[in-house]
Structures are given as structure tokens and as C-alpha cells.
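Positions are given from 1, in the same order as the sequence printed here.
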Amino acid sequence: MEEVLLERLQKALQLEGLTPFSSKIAVEFLKKQLQEERNNSQALFARVIGFSVELVNKLNGIRPIESKNSKQRGCPSIIPGLTAQPFWRVDGSCSTSASSEETIRVQNAQNYILSVVKLLEESYPVIKEEFMNLREVYKHQDTATSSTPKSISSGFQHYRSPLQTISDPIEKGFLPDSASSATDKGDWNVFYFFLHGLNFDDNLQRCPRTAAILSSIPRHYSHAFFSSLAPDTHIKPHFGPTNKKLRCHLPIHIPRPQHQQQRKHEDDSISDDKIAYLRVDGEEVELQEGRCVVFDDSFLHEAANLSISEPRTVLVVDLWHPDFSDAEVRFMSFINNAQIKAAQRMHKLRREQCEERVSSEQQSSHFNSEVYEDFFGAIQHSKMQGISVEDVELIWGKE
């Protein structure tokens, strides 16, 4: 029976974008891990088994198992069995009434989160210094030319994602929408360090100490960036793409209270004294410089900067869900990387087909609408555009 399931899994992985060779390697690795589990009487691959069963069910036309937590059901990819809670404690406390084995698992997960939080908070002065130094890139470009450039290459770019899961939690549930709908007001700019295998070497060189700190984090998800909200910006409520990771925010620059915009919100339970907030599953926290917040973005969440004159910037770092064993992280990372390579190949093919189909005079408009509609195209297009000179104060504020 196991051999049949593994054979079906190999086919399912190919439908997820893996090549026959990559899917075979993944299945062989899984077989080896399952044998080790039997020999050691340990369930180190329980979450991956759930993930694999879901893929085989999908191949067989069986509907995915809905998350036991109804508040995650707007998330498009749920792996069964992962601990689900909107916020994860970062104060060192951990209480559970579960069995001793479960207690150890929970404590190990909490210790991992605390170790990452400790590293980032201790590194906050260095990270903030490098973030502020990025403004010098703009100054250099501005003084090096006789005329003010229309755009600058500071490493920042406008946030773009071709397909967002935006939600009106009261009326519509979740529905796909365009990147422009990520915010209902204001402007959102990002500075990527790592993002799904794309090349951001220039940014890593601009902030070498921050890059080294990020690279030293064990089990990081290879997704990290500065996220800057301009004054009076609100990111709409939305679900993240999966529950297999957690998200950590390290606030780098938070506006001062005197620059607060009075909030207008229909929910009377929400206080009006938070100038920069993160709201997850209805629970809201105020961001404080140098103090990490760890949350599960598979829950409905939103963020806002209520300042009328100062930007809000956080360092975003994604982490593999701590319920995964190290072996599971290696397996899931292999799957992720193989899917990314497949998507990049598809993007390259579509780009080549588009360039062959249109003339050089038509290429600009046709190229934007067809090639840049996928994930990699949208990100690269935004990267090439950079940010305008007028956007500088929306990221670093006024000097």
C-alpha cells in the first residue's frame, strides 16, 4: 500500500510543477525518512505525511481537508496538523496542559521562536543603521546628476503581487484581486533581501550586516524584506498563501505619537491610540521599535500606519513553522525550490514567446500586459522601475 501511495505522490508532485527527476528524489527521500521513523519509533515526518496525503487526494479529485480552525479557511494552502494561533508568544512564557511528548514539542517550538526574536532584537541597532544609510544612496544619485532623476535605484520598489487574496470579512469572504488592491489608501514600498530565488544581490551588498544576520537565522523561509508604509496607509485584510510558515516583524521605524491620524473604524472595540498597528484575527497589537511580533499570516490580517507625516518600516522575516522537524524542513524546502524553478522556467518561456510574437514597436505595451502578469514578471518590473524621487520621504521621512 505504501508503494502505491508513494507512486501516486510522485505523480502529484509533477502536477505541482516538479520535474520527473525532482519528484523522484523527493519521494526517495521521503521513503528513507519513513524507514528511519519505523526504526526509531519517532513521528518526525507526521506533518509531511499530511501534506503528501493532501497532494494525493488532489490528484484523485478529492476535496482538500479544511482547516480545523475556521479562521484559516481563507488561506489557499493549509497543511494539516500544524499549530494554529494568530500570535506566538515572544516573552518567554509557555504553558500547556498537553501530554509530556506534546509539551516537549511545544517547548522546543517556543524556544526556537525566542532564539530568533533574541537575535533580531539584539541586532536592531545595526539593522536600523543600515536602513537609514540607504537614504545616502538617494543623496548620491541626486547630487551626481545635473537634473533630478525621475526614479532612483535605492533597492526599494513598490509592492507588487499579481494575485492577492483580499478579503471583506463581513460581506464577500475572500476573493482574488489585483496588486493595486493590497492597500485601500496610501503607498507600500519594499526592499527585498530574499524572495523565492530572485536575485537581490545588490540589496544584500547595500546592507551586508543585515544580510549576514538574516542568513544566520536557522530554518528561515528565504523570504525577508524591509516593508515601509507611507503616512496614512492601510493594508487591507487578507490571508497569507500558506500556514507552513510564521511571519516575524521587527519594527525599525515607528512614527511618534504627535503625528497620529485619528482613526475612523466601524469596530468600537478597537482603540484609537495605536499609531502603527498589526491586526491578526481581530486581535490588534501596537508596534514598538526594536520589539518583535511573531504571527501566523494564514489568519486574516491587516496593518496600518496612522501617522499623517511619518512612514512606518518593519523588517519582515518568514520562518518555517516550528512544528516541522528539521528533516521536514529539508523536504519542504526541496519542494519549494523545485516549484520556484518550474515557475521561473514558465516565466522565461512566456517571455520568449511574447517577444517573438510582437514587433519592437508594440513590445512595450504588450510586454507589460502579458509577461508581467505572473509573479516573477511583476516583481522584476517593479524592481526595474525603482521609486520616484517624490517617494523618498514616504520611506525615510523628512530629514
Exercise for the section: Quick one: list whatever passes side chain to side chain contact (heavy atoms under 4.5 Å, CB included) with Asn133, sequence neighbours left out. Expected result: Glu129

Problem - Atom pair CG/CG of Leu13 and Leu55 - distance to nearest 0.5 Å - result: 6.0 Å

Exercise for the section: For Gln72 and Ile78, indicate whether the former's side chain and the latter's backbone hold a donor-acceptor pair under 3.5 Å. Expected result: no

Problem - Residue list, ring pair (Phe, Tyr, Trp, His ring centres under 6.0 Å) with His301, at least two apart or on another chain - result: His238, Phe295

Practice task
Indicate if Phe156 and Met132 have the same hydrophobic cluster label, given that clusters are the connected sets of ILVMFWY residues with side-chain heavy-atom separations under 4.5 angstrom.
Solution key: yes

Exercise for the section: Give a yes or no on whether the backbone of Ser382 and the side-chain of Gln157 come within a donor-acceptor separation of less than 3.5 Å. Expected result: no

Problem - Set of residues satisfying side chain to side chain contact (heavy atoms under 4.5 Å, CB included) with respect to Ser333, sequence neighbours excluded - result: Trp320, Val329

Handout entry: Reported CG-to-CD1 distance for the pair Leu287 and Ile252, which is rounded to 0.5 angstrom
Key = 11.0 Å

Practice task
Treating Ile, Leu, Val, Met, Phe, Trp and Tyr as nodes and any side-chain heavy-atom pair under 4.5 angstrom as an edge, say whether Leu394 and Val314 lie in one connected cluster.
Solution key: no

Practice task
Kindly say whether Asp187 contributes a backbone atom to a donor-acceptor pair with the side chain of Thr233 at under 3.5 angstrom?
Solution key: yes

List the atom pairs, donor and acceptor, that lie under 3.5 Å between side-chain atoms in residues 197-204 and the rest of the protein, sequence neighbours left out.
from: Asn199; atom 1: OD1; to: Asp201; atom 2: N; distance (Å): 2.9
from: Asn203; atom 1: OD1; to: Arg206; atom 2: NH1; distance (Å): 2.8
from: Asn203; atom 1: ND2; to: Gly155; atom 2: O; distance (Å): 3.4
from: Asn203; atom 1: ND2; to: Tyr192; atom 2: O; distance (Å): 2.8

Fill in the blank from the handout: Residues passing the side chain to side chain contact (heavy atoms under 4.5 Å, CB included) test with Gln288, sequence neighbours excluded, are Arg291

Completion exercise
Grouping ILVMFWY residues whenever side-chain heavy atoms fall under 4.5 Å, the cluster of Leu15 otherwise contains Leu59

Completion exercise
Across all chains, not counting sequence neighbours, the side chain to side chain donor-acceptor pair (under 3.5 Å) partners of Asp318 are His223, Lys245, Arg247

Practice task
Only counting residues at least two apart or in another chain, list the ones meeting side chain to side chain donor-acceptor pair (under 3.5 Å) with His234.
Solution key: Asp184, Glu302

Handout entry: Polar side-chain atom of Arg135 near backbone of Gly397 as donor-acceptor pair, under 3.5 Å
Key = yes

Problem - Residue list, ring pair (Phe, Tyr, Trp, His ring centres under 6.0 Å) with Phe226, at least two apart or on another chain - result: Phe131, Phe191, Phe193

Practice task
Using only heavy-atom distances, determine whether the side chains of Ser307 and Asn305 contain a donor-acceptor pair under 3.5 Å.
Solution key: no

Exercise for the section: List for me each residue that meets side chain to side chain donor-acceptor pair (under 3.5 Å) alongside His253, sequence neighbours excluded, and say none if there are none. Expected result: Glu310

Exercise for the section: Please list, chain by chain and in numerical order, all residues satisfying side chain to side chain donor-acceptor pair (under 3.5 Å) with Thr313, sequence neighbours excluded. Expected result: Ser228

Completion exercise
One should read off an interatomic distance between Arg73 CZ and Leu300 CG, to the nearest 0.5 angstrom, of 14.5 Å

Exercise for the section: For Lys118, check salt bridge (charged side-chain N to carboxylate O under 4.0 Å, His left out) against everything at least two apart and list the hits. Expected result: Glu122

